[in-house]
Protein chains: 2
Amino acid sequence: MAQQADAGQRARLNRDRVLHAAVALADRVGIEALSMRSLAQELGVVPMALYKHVANKEQLLDGMVDVIVGEIDSPAHGADWKSAVRERILSARRALLRHPWASRVIESRSAPTPGALDYLDSVIGMFRAGGLSADLTHHVMHALGSRVWGFTQELFPASPNVDPDAQAVMFREMAARYPYIVEIAAARTHDGESVVNQGCDDQFEFEFAIDLLLDGFERLHRQGWTSADQS
Amino acid sequence: MAQQADAGQRARLNRDRVLHAAVALADRVGIEALSMRSLAQELGVVPMALYKHVANKEQLLDGMVDVIVGEIDSPAHGADWKSAVRERILSARRALLRHPWASRVIESRSAPTPGALDYLDSVIGMFRAGGLSADLTHHVMHALGSRVWGFTQELFPASPNVDPDAQAVMFREMAARYPYIVEIAAARTHDGESVVNQGCDDQFEFEFAIDLLLDGFERLHRQGWTSADQS
DNA sequence: CACGAAGGTGTACGTCGTACACCTTGGCCG
DNA sequence: CGGCCAAGGTGTACGACGTACACCTTCGTG
């Protein structure tokens with residue numbers, strides 16, 4: 001429906017076209033509907049043609065990750081390390097939010113892609129440039145975890161729209177069985193709408209966590225923290 | 001090779017036996033080798049027989065999650081909230097470490113299982129009992145993310161054993177291209193062995209992060225933090 | 001103009017989850 | 001005691017999927 005068609009005369013494929021078509025297709029139909037077959041069809045080509053450009057599906061996914069990672073801004077310079085890192089990570093977050101499937105794919109890689117390594121190396125470099133020791137930076141990166149990529153592991157995968165009265169019933173049942181969950185869910189729902197699984201401001205939560213961590217890192221840095229001190 | 005065999009006379013199946021056999025099989029052969037077919041064979045039964053006990057594979061995985069979640073200790077009482085939460089989460093961690101596939105399966109669920117909700121509700125209850133506001137607790141749970149389950153998103157999936165000289169070559173290449181990564185990897189490698197992707201003490205990293213977060217939570221709690229304060 | 005490599009095709013295999021119709025038990029009630 | 005019926009187990013089959021392998025087609029270069 002996008003390209004293909006006009007059989008017979010079609011631009012030659014290459015790795016880049018394949019990768020970008022895959023990203024676009026995943027954006028449109030979701031990652032679970034992206035198969036070698038559907039991608040081939042999208043490109044007006046037979047499935048096996050793709051294997052001339054990517055070794056297999058895993059490598060296709062690797063390549064797609066690197067396309068997205070390439071969208072992350074380079075580090076700003078001239079700012080203090082804390083806000084520079086913060087900005088960079090929020091940029092990563094913006095890139096990943098444009099492609100909702102990307103975080104799951106990144107997590108599923110069995111080895112980091114070259115683009116991912118570039119990005120990680122440069123983030124580490126930002127901490128080092130800020131004066132943090134290699135030792136502290138190591139632990140800092142671990143503590144950041146998937147947050148360097150701009151996403152948080154979601155505990156509640158945001159159930160899609162259900163009709164309001166079913167939700168009301170569910171709410172009553174939930175409140176009986178999971179009083180605390182319902183309470184803290186309600187804590188963030190100002191207007192009356194949809195108490196369960198909604199009304200969560202993801203961006204706020206992300207910045208809350210990242211600032212808590214960055215402040216913690218800064219505190220440790222200032223007091224000259226070393227892993228050797230910890231028994 | 002474990003049960004089955006002695007055809008003809010075989011204990012009746014039920015949901016629980018299916019679930020526990022699935023957990024044991026995943027422990028033994030890995031989650032990616034767990035199929036409805038392999039599980040059926042393990043139980044000495046035809047694949048379709050399983051569908052009398054679980055609706056489909058997703059529900060099988062849900063059930064497996066709840067088996068593991070059931071292994072998490074109940075909250076200790078009598079301790080302050082911080083160390084009580086800490087202990088509980090480390091118990092979750094121990095349970096998940098016994099079943100290395102479990103974290104990936106938990107992440108892949110599209111809706112939380114009942115057992116997961118029970119656990120989350122009770123962890124939230126621990127913060128509330130410690131006096132944290134529902135508001136703060138909400139954000140705290142988000143900041144914890146998958147860490148409530150006792151795992152951190154691994155950035156480097158721990159490449160398995162490769163021979164030492166290949167590693168030495170790789171090291172030289174890595175050092176040129178990713179100087180900072182190699183530097184912080186080395187920061188934690190005291191003895192000379194395997195600089196790349198090894199020598200990381202997961203348990204240390206986990207506790208570093210969890211304590212950083214818990215300390216941050218405590219600080220906010222003491223100073224009466226409220227999300228309303230944040231612009 | 002020929003030729004060889006790079007790009008594209010067609011067919012086929014093994015694996016997966018599972019729908020659907022069927023048979024076999026075993027516990028309960030008359 | 002006999003018969004019944006639901007719960008448990010079977011067999012066959014289908015439509016995805018990733019991809020191996022042998023083949024044909026196109027095009028840039030000598």
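A, B, ... follow the sequence lines: proteins, then strands. Residue 1 opens every chain.
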Round to a whole Å and report the spacing from [atom1] of [X] to [atom2] of [N].
X        : N       : atom1 : atom2 : value
Met36(A) : dA12(C) : CE    : C1'   : 17 Å
Glu32(A) : dG17(C) : CD    : P     : 17 Å
Arg17(B) : dG8(D)  : CZ    : C1'   : 12 Å
Leu43(B) : dG8(D)  : CG    : P     : 15 Å
Asn14(A) : dA6(C)  : CG    : C1'   : 13 Å
Arg37(A) : dT15(C) : CZ    : C1'   : 12 Å
Glu42(A) : dG8(C)  : CD    : C1'   : 18 Å
Leu13(A) : dC27(D) : CG    : P     : 14 Å

Electrostatic pair Arg94(A)-Glu87(A), nearest N-O below 4.0 angstrom: yes
Pairs satisfying salt bridge (charged side-chain N to carboxylate O under 4.0 Å, His left out), at least one member in residues 44-64 of chain A, at least two apart: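 Sorted result for residues 44-64 of chain A: Glu58(A)-Arg109(A), Asp62(A)-Arg109(A).
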Within the sub-3.5 Å range, which N or O atoms of nucleotides 9-11 of chain C have a protein N or O partner, and how far apart are they?
residue	atom	partner	partner atom	Å
dT9(C)	OP2	Val46(A)	N	3.0

Would Arg88(A) and Ser74(A) satisfy side-chain hydrogen bond (donor to acceptor under 3.5 Å, both in side chains), going step by step from the backbone distance to the final call? CA-CA 7 Å; Arg88(A) 191 95 194 279; Ser74(A) 351; 5.9 Å; no
Under the salt bridge (Lys or Arg N to Asp or Glu O under 4.0 Å) test, which residues partner Arg147(B), sequence neighbours left out? none
Residues forming a side-chain hydrogen bond (donor to acceptor under 3.5 Å, both in side chains) with Glu71(B), sequence neighbours excluded: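 Glu71(B) satisfies side-chain hydrogen bond (donor to acceptor under 3.5 Å, both in side chains) with Arg98(B), His99(B) only.
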Mind checking side-chain hydrogen bond (donor to acceptor under 3.5 Å, both in side chains) for Asp66(A) and listing every partner two or more places apart, or none if nothing turns up? Thr113(A)
By nearest atom, which of the nucleotides dG8(C), dT19(D), dG9(D) is closest to the Arg12(A) side chain?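 Of all the options, the side chain of Arg12(A) is nearest to dG8(C).
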Under 4.0 Å from any atom of DNA chain C, heavy atoms only: list the residues of residues 53-64 of chain B that qualify, in numerical order. Asn56(B), Lys57(B)
Ser38(B) side chain to Ala33(B) main-chain N or O, any donor-acceptor pair under 3.5 Å? yes
Cation over ring face, Arg93(A) and Phe151(A), 6.0 Å, 45°: no
Under 30°, 30 to 60°, or over 60°: which ring-plane class applies to His139(A) and Phe204(B), parallel, tilted or perpendicular?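 It falls in the tilted class, 30° to 60°.
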